[in-house]
Amino acid sequence: MSQSITRSQGSENGIDFYRWTLTIDGEQAAILDAHTSGLILNVATFAGHERQGFARELYETADADLGLLHIPAWGRTFEGSEFADAMGGQTMDDEQAAAILGLDLDEVTGA
């Protein structure tokens, strides 16, 4: 079994990000996207590769490489909250996260 992690750059909807991809025998098993500031934007483990520690491996690699920050609770899915709790680490402050994502903080927090 051949496993590797690569990093690439991208941009979507005006948001620049880095993507770490874990590949096993040429097949993508998991990805982690983070804004250039370190804000985690997305983590996905693909079918057949769940619960094997690949998301954690990507998190540890990306955190060592860039320094990661979780999105505040208002921007997380249920699974995102579980991931943040399992990984530990720091959470970006509300204002900075909303600014990066181009969101109105009062709207997303219901203030």
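It should be emphasised that the depicted structure is a prediction, and the values quoted were computed from it without experimental measurement. What's counted below: heavy atoms across the whole structure, side chains too, no hydrogens, waters or symmetry copies. We count residues from 1, following the sequence as given.
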Look up atom OG1 in Thr21 and atom CZ in Arg7, then write down how far apart they are to the nearest 0.5 Å. 11.5 Å
I need the Thr45 OG1 to Leu58 CG distance, nearest 0.5 Å. 7.5 Å
Indicate yes or no: at least one non-hydrogen side-chain atom of Leu69 is less than 4.5 angstrom from one of Ile40. no
Would you say that Glu107 contacts Leu105 through its side chain, given a criterion of any heavy-atom pair below 4.5 Å between the two side chains? no
Contact check, side chains of His35 and Tyr18, non-hydrogen atoms, under 4.5 Å: no
Regarding Thr91 and Arg76, is there a side-chain donor-to-acceptor distance under 3.5 Å anywhere? yes
Measuring only between side-chain heavy atoms, which start at C-beta, is Leu32 closer than 4.5 Å to Thr61? no
Would a hydrophobic clustering, with Ile, Leu, Val, Met, Phe, Trp and Tyr connected at side-chain separations under 4.5 Å, put Ile15 with Leu68? no
List the atom of Ala34, the atom of Leu66, and the distance in Å for their closest heavy-atom pair. CB-CD2, 4.3 Å
Looking at Thr23 and Gly26, would you say the former's side chain and the latter's main chain have a donor-acceptor pair under 3.5 Å? no
Start with the C-alpha distance between Leu103 and Trp74, add both sets of side-chain angles, then the distance that settles side-chain contact (heavy atoms from CB on, under 4.5 Å), and finish with yes or no. CA-CA 11 Å; Leu103 300 173; Trp74 53 257; 3.9 Å; yes
Does Asp93 reach the main-chain N or O of Glu95 with its side chain, forming a donor-acceptor pair under 3.5 Å? yes
Indicate whether any N or O donor in one side chain lies under 3.5 Å from an N or O acceptor in the other, for Ser11 and Asp16. yes
Under a single-linkage definition using a 4.5 Å side-chain heavy-atom cutoff for Ile, Leu, Val, Met, Phe, Trp and Tyr, are Leu22 and Val43 assigned to the same hydrophobic cluster? yes
For the residue pair Asp65 and Trp20, establish whether any side-chain heavy-atom pair is separated by less than 4.5 Å. yes
State whether the number of non-hydrogen atoms from other residues, nucleotides or ligands found under 6.0 Å of Gln90 atom CD is greater than 12. no
How long is the straight-line distance from CG of Leu39 back to NE2 of His70, given to the nearest 0.5 Å? 10.5 Å
Counting C-beta onward and ignoring hydrogens, is there a side-chain heavy-atom pair between Phe83 and Arg56 closer than 4.5 Å? no
Measure from the side-chain N and O atoms of Asp33 to the backbone N and O of Asn42, and report whether any donor-acceptor pair falls under 3.5 Å. no
Could you check whether any side-chain heavy atom of Gln9 comes within less than 4.5 Å of a side-chain heavy atom of Phe17, counting everything from C-beta outward? no
Student check: side-chain heavy atoms of Ser37 and Met92 closer than 4.5 Å: yes
Counting N and O atoms only, with roles assigned by atom type, does the side chain of Glu50 sit under 3.5 Å from a partner on the main chain of Gly48, one being a donor and the other an acceptor? yes
Report the C-alpha distance between Glu60 and Met87 in whole Å, list the side-chain angles of each, state the deciding distance to 0.1 Å, and finish with yes or no for side-chain contact (heavy atoms from CB on, under 4.5 Å). CA-CA 9 Å; Glu60 291 171 353; Met87 296 301 107; 5.9 Å; no
Distance in Å, Glu27 CD paired with Phe46 CZ, rounded so as to fall on 0.5 Å steps: 9.5 Å
